[in-house]
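All chains are named by letter (A, B, ...) in the order of the sequence lines, taking the proteins before the strands, and each is independently numbered beginning at 1. Fair warning: this is a prediction, and the values are worked out from it, not measured in the lab.
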There are 2 protein chains.
Amino acid sequence: MAAEAVETIQREMTSFARRARATAGRMHPELSLVSYTLLAHLEGSDGCRATDLAAHYGLDKSTVSRQVTALERAALIERRVDPDDHRVQLLHLTDPGRRILAQVTESRRTAFQERLEDWPSEDLERFAAYLVRYNGWSAPED
Amino acid sequence: MAAEAVETIQREMTSFARRARATAGRMHPELSLVSYTLLAHLEGSDGCRATDLAAHYGLDKSTVSRQVTALERAALIERRVDPDDHRVQLLHLTDPGRRILAQVTESRRTAFQERLEDWPSEDLERFAAYLVRYNGWSAPED
DNA sequence: ACTCTTGGTTGCATAGTACAACTGGGCGGG
DNA sequence: CCCGCCCAGTTGTACTATGCAACCAAGAGT
């Protein structure tokens, strides 16, 4: 019956969330899950604003502000004042930032690949599709 | 190609982890994700020890100790000294604990059911199977 | 009995977060 | 043109969750 499957999905998602929570801080000496996410977002939309990041990820602007400060101190991003609106800071990846990001992305990719290496590609594609569906299209990059 | 699917799985799992992280604390006024997990574990193995919980979930014993203290203060669990070994505290759900746990479990179940209500049961079962496989049988309750 | 082990608590330190108050730049109506 | 209002971002404060290390107390082995 389907109720059982829902139960399983719930249990497994919870288990995954718990495990992810435990490892989120130590994924990389330089980068927590959140800072990785912010950095990765910048790769896609270079020059976006802190407020955008906050809205996009449902974080408080103060939280983003501090994360951005940390990332800037680590020289992974740069803040440039928007010439059109001096209130705004446009965030840009630096070269070291790009490098670290690529490195972390790669190590994550490897980890996932190892975990999934013996899956038939048909299953991979179906699983991927289910996850996308589960997470919902409404927030494609959330 | 399958690499793309792996990419998608990685992205979606990351997204899910981020979202879960953000809501883990506020899933219920009484119960965070961790305390819910501990409580739920006790339902399965009533009278287990704090150390077991720590080992099982990869948490520090101090963390568990504090969580247990909080759960006891909230009267959701009881600590009884093991008569055979006075160092050990056997943890037991109280009736209110069982009640709250059931309530939270139910509300979570409802949330998942709503999210999955328009999935064909065939898809639910496949998705569930994929998740189980992804999480690995080695740690069925981790 | 003395020591080693083990379950648990407590004192720090840290990360990540929210909320609220504040700062300082823009912008629009009179 | 100026004053009041809005908006981006920062900072102060508090809280939660966590780990590590030091500690305490109770068993176990010699």
Side-chain angles (χ1 to χ4, degrees), chain A residues 17-39 42 45 47-74 76-92, chain B residues 14 17-39 42 45 47-74 77-92:
Chain A
R18 196 176 329 110
R19 210 139 12 90
R21 186 185 189 333
T23 55
R26 315 159 190 23
M27 62 186 294
H28 187 275
E30 300 274 355
L31 241 44
S32 72
L33 178 62
V34 173
S35 44
Y36 169 75
T37 299
L38 298 183
L39 220 54
L42 280 187
S45 41
C48 80
R49 308 176 307 165
T51 300
D52 297 340
L53 293 174
H56 198 91
Y57 295 108
L59 296 168
D60 193 81
K61 56 185 179 165
S62 66
T63 300
V64 173
S65 173
R66 288 183 232 269
Q67 292 282 342
V68 164
T69 302
L71 288 172
E72 192 194 30
R73 262 201 333 242
L76 303 183
I77 65 173
E78 271 179 4
R79 296 193 256 208
R80 302 182 202 149
V81 172
D82 184 346
D84 296 347
D85 183 342
H86 285 206
R87 294 169 302 182
V88 174
Q89 300 174 349
L90 303 176
L91 306 175
H92 296 272
Chain B
T14 305
R18 197 178 328 110
R19 211 136 14 87
R21 187 182 191 315
T23 55
R26 322 166 184 16
M27 64 185 294
H28 187 275
E30 301 272 355
L31 241 44
S32 72
L33 177 61
V34 172
S35 44
Y36 169 75
T37 299
L38 298 183
L39 222 54
L42 280 187
S45 42
C48 81
R49 309 175 307 165
T51 299
D52 298 340
L53 293 174
H56 199 92
Y57 295 108
L59 296 168
D60 192 80
K61 56 184 181 167
S62 66
T63 301
V64 173
S65 173
R66 289 183 234 268
Q67 293 279 345
V68 164
T69 302
L71 288 173
E72 192 193 29
R73 262 200 334 242
I77 64 174
E78 270 179 4
R79 295 194 256 209
R80 302 182 201 149
V81 172
D82 184 344
D84 296 347
D85 183 343
H86 284 207
R87 293 170 302 182
V88 173
Q89 300 175 349
L90 302 176
L91 306 175
H92 296 270

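Protein atom CG of Asp84(A) is 17 Å distant from nucleotide atom P of dG25(C), rounded to whole Å. A straight line from CG of Asp82(A) to C1' of dG26(C) spans 12 Å, rounded to a whole angstrom. The interatomic distance linking Asp85(B) (CG) with dG7(C) (P) rounds to 8 Å, in whole Å. As rounded to whole Å, 13 Å separates atom P of dA15(C) from atom CD of Glu30(A). Separating the CG atom of Leu53(A) from the P atom of dT17(C) is a distance of 13 Å, rounded to the nearest angstrom. Atom pair Arg21(B):CZ and dA15(C):P shows a separation of 13 Å (rounding to whole Å applied). Atom P of nucleotide dT17(C) and atom CG of Leu33(B) are separated by 15 Å, given to the nearest angstrom. We find that OH of Tyr36(A) is positioned 16 Å from P of dG16(C), with the value rounded to whole Å.
Side-chain nitrogen and oxygen atoms of Gln67(B) include none within less than 4.0 Å of the OP1 or OP2 phosphate oxygen of dT16(D). Considering only side-chain N and O atoms, His86(B) lies under 4.0 angstrom from the phosphate OP1 or OP2 of dG27(D).
Closest-nucleotide positions on DNA chain C for Val34(A) and Pro83(A) were compared, and the one nearer the 5' end corresponds to Val34(A).
For Ser62(A), the side-chain contact (heavy atoms from CB on, under 4.5 Å) partners are Asp60(A), Arg66(A), not counting sequence neighbours. The side-chain hydrogen bond (donor to acceptor under 3.5 Å, both in side chains) search around Ser35(A) returns Ser32(A), not counting sequence neighbours.
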Interface polar pairs with nucleotides 8-10 of chain C, N/O, under 3.5 angstrom:
residue: dG8(C); atom: OP1; partner: Gln89(B); partner atom: N; Å: 3.1
residue: dG8(C); atom: OP1; partner: Gln89(B); partner atom: O; Å: 3.3
residue: dG8(C); atom: OP2; partner: Ala50(B); partner atom: N; Å: 3.4
residue: dG8(C); atom: OP2; partner: Thr51(B); partner atom: N; Å: 2.7
residue: dG8(C); atom: OP2; partner: Thr51(B); partner atom: OG1; Å: 2.5
residue: dG8(C); atom: N7; partner: Lys61(B); partner atom: NZ; Å: 3.0
residue: dG8(C); atom: O6; partner: Lys61(B); partner atom: NZ; Å: 2.6
residue: dT9(C); atom: OP1; partner: Arg79(B); partner atom: NH1; Å: 2.5
residue: dT9(C); atom: OP2; partner: Ser65(B); partner atom: OG; Å: 2.5
residue: dT9(C); atom: O5'; partner: Ser65(B); partner atom: OG; Å: 3.4

Chi angles and distances behind the side chain to side chain contact (heavy atoms under 4.5 Å, CB included) call for Ile77(B), Leu38(B): CA-CA 10 Å; Ile77(B) 64 174; Leu38(B) 298 183; over 6 Å; no
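Put simply, the side chain of Thr23(A) gets close to the backbone of Ala20(A): a donor and an acceptor are under 3.5 Å apart. Proximity of a side-chain donor or acceptor of Ser65(A) to a complementary backbone N or O of Lys61(A) within less than 3.5 Å is not detected.
Closest non-hydrogen pair, Thr69(B) versus Arg79(B), comes out as OG1-NH2, 3.6 Å. Nearest heavy atoms, Ala17(B) versus Leu33(A): CB-CD2, 4.4 Å.
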